[in-house]
Amino acid sequence: MNPLALDLNEQLSKSNPEIADMLSDLGKLMYYPKGILSQSAEAKSTKYNATIGMATHKHGKMYANTLNDVFTKLEPDEIFPYAPPQGIESLRDLWQQKMLKENPDLTATDMTRPILTNALTHGLSLVADMFVDSGDTILLPTHNWGNYKLVYSTRHSAEIDTYDIFDEDGHFTTEHLISSLENYKKDKVMLILNYPNNPTGYTPTKDEVKVIVEAIKSLAERGTNVIALVDDAYYGLFYEDVYTQSLFTALTNLHMDNVLPIRLDGATKEFFAWGLRVGFISFGVSNETTKQVLEAKVKGLIRSNISSGPMPSQSAVKYVLENADTFNKEIQQNIDTLQARYEVTKSVVYDKQYTSYWQAYDFNSGYFMALKVNNVDPEQLRLHLINEYSIGIIALNSTDIRIAFSCIEKEDIPHVFDSIAKAIADLQK
Ligand SMILES: Cc1ncc(COP(=O)(O)O)c(C=O)c1O
């Protein structure tokens, strides 16, 4: 049991032993992780807060005006009624059209219509309810989003196995994924593929995608059932010549009965609308009966936990998809802002003057980049940066830190990295 859960249980046993006795097994196992959210909370009053998974300007959140204005335009019937558990039907169609446009190699025949989720985390949990039993293996990169552990390991008692996606020099590699899959012996596995990656901001190139897909194909050919969960939270935030379709598309085009591609995507990051809680789950299958069965089961799962998603948010996303001309331009402007920050970040972090302080992991997309810091403890560095430099970063593990350039103005980026170097130097003394 996680030490934080043990601690909560002990506290409850003292404060109210009867309630401690009432807890279910899951209730006993549950805790609130001391991860990114608590590190963000500690950095709240810093001048340069590069901790959060949102995009900001100096004076507030980055958003699209059209989406902000929607809320004065909605009719009462677009706000107050229940949405169906599977989401507003026309919104599902609009989102599918968006997916097909962005993924020219994907066809409507080869996928289910997207079903609404209460954003991506809910989708992750639905996938777990539907496909993960205690002891099942979830295979994911060492650099991954911390919440996977809470969903799959804590809630569903799955075994989490990891493989490195970077070599010694910080360059992306598929070598370890390939060897993990080659040596995989069980008859079922779930892979979580999250690119642009949180926390490193890497998206594979077309050639790297071919290698990844080929490795999954060989594993399936050897008889393993593969659930390939594609977490596309940061889809569309690409700044270099990478594979810009979803890995879901490449995997769906394998057309293998024992490879089930599942895509989770949504308005959260793509539309700069984190709090709307509008996401989608789609399956890469073509058999009509299979499509209907999967949809019925997901609807049942939704009905039995949140019942249905919020109507106002769904109506808002539907509105902007229907009025896409201006909206798309506003989104593109935000992406251009992030791209400009990315360019500056790239030019700063690889500067030779910093080689004794860190090694950057390859990055080319998304909100973040990660550094392996030399001879300092990331947690100590994080606290030193808050206290002495008014800078918030995330300490990822015993070697790495994550910096959200999505939250730092372009002109402040050189100062932020220079201060990180100074802080490392302070601690190396
Ligand atoms: C990789 C990844 N997946 C999923 C999510 C969750 O997205 P949502 O807010 O839509 O639940 C996040 C949020 O930070 C994320 O970084």
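Every number for a ligand or one of its atoms is a count from 1 in the order of the listing.
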Residues that Phe280 engages under ring pair (Phe, Tyr, Trp, His ring centres under 6.0 Å), provided they are two or more places apart: Trp95
Between Phe368 and Ile394, does the side chain to side chain contact (heavy atoms under 4.5 Å, CB included) criterion hold? Intermediate values first, please. CA-CA 10 Å; Phe368 314 112; Ile394 296 291; over 6 Å; no
In chain-and-number order, ligand 1 lies under 4.0 Å from a heavy atom of each of Ala119, Leu120, Thr121, Trp145, Tyr148, Asn194, Asn198, Asp231, Ala233, Tyr234, Thr268, Lys269, Arg277
Between Lys58 and Asp412, is there a salt bridge with N-O shorter than 4.0 Å? yes
Side-chain donor-acceptor pairs of residues 228-236 under 3.5 Å, sequence neighbours excluded:
from, atom 1, to, atom 2, distance (Å)
Asp231, OD1, Ala233, N, 3.0
Asp231, OD2, Tyr148, OH, 2.7
Asp232, OD2, Ser246, OG, 2.6
Asp232, OD2, Arg263, NE, 2.6
Asp232, OD2, Arg263, NH2, 3.1
Tyr234, OH, Lys269, NZ, 3.2
Tyr235, OH, Glu102, O, 3.4
Tyr235, OH, Thr244, O, 2.6

Ring pair (Phe, Tyr, Trp, His ring centres under 6.0 Å): pairs with one or both residues in residues 46-79, sequence neighbours excluded: Tyr48-His415
Go through the steps for Glu78 and Lys73 under the test salt bridge (charged side-chain N to carboxylate O under 4.0 Å, His left out), then give the verdict. CA-CA 10 Å; Glu78 295 173 298; Lys73 298 205 168 75; over 6 Å; no
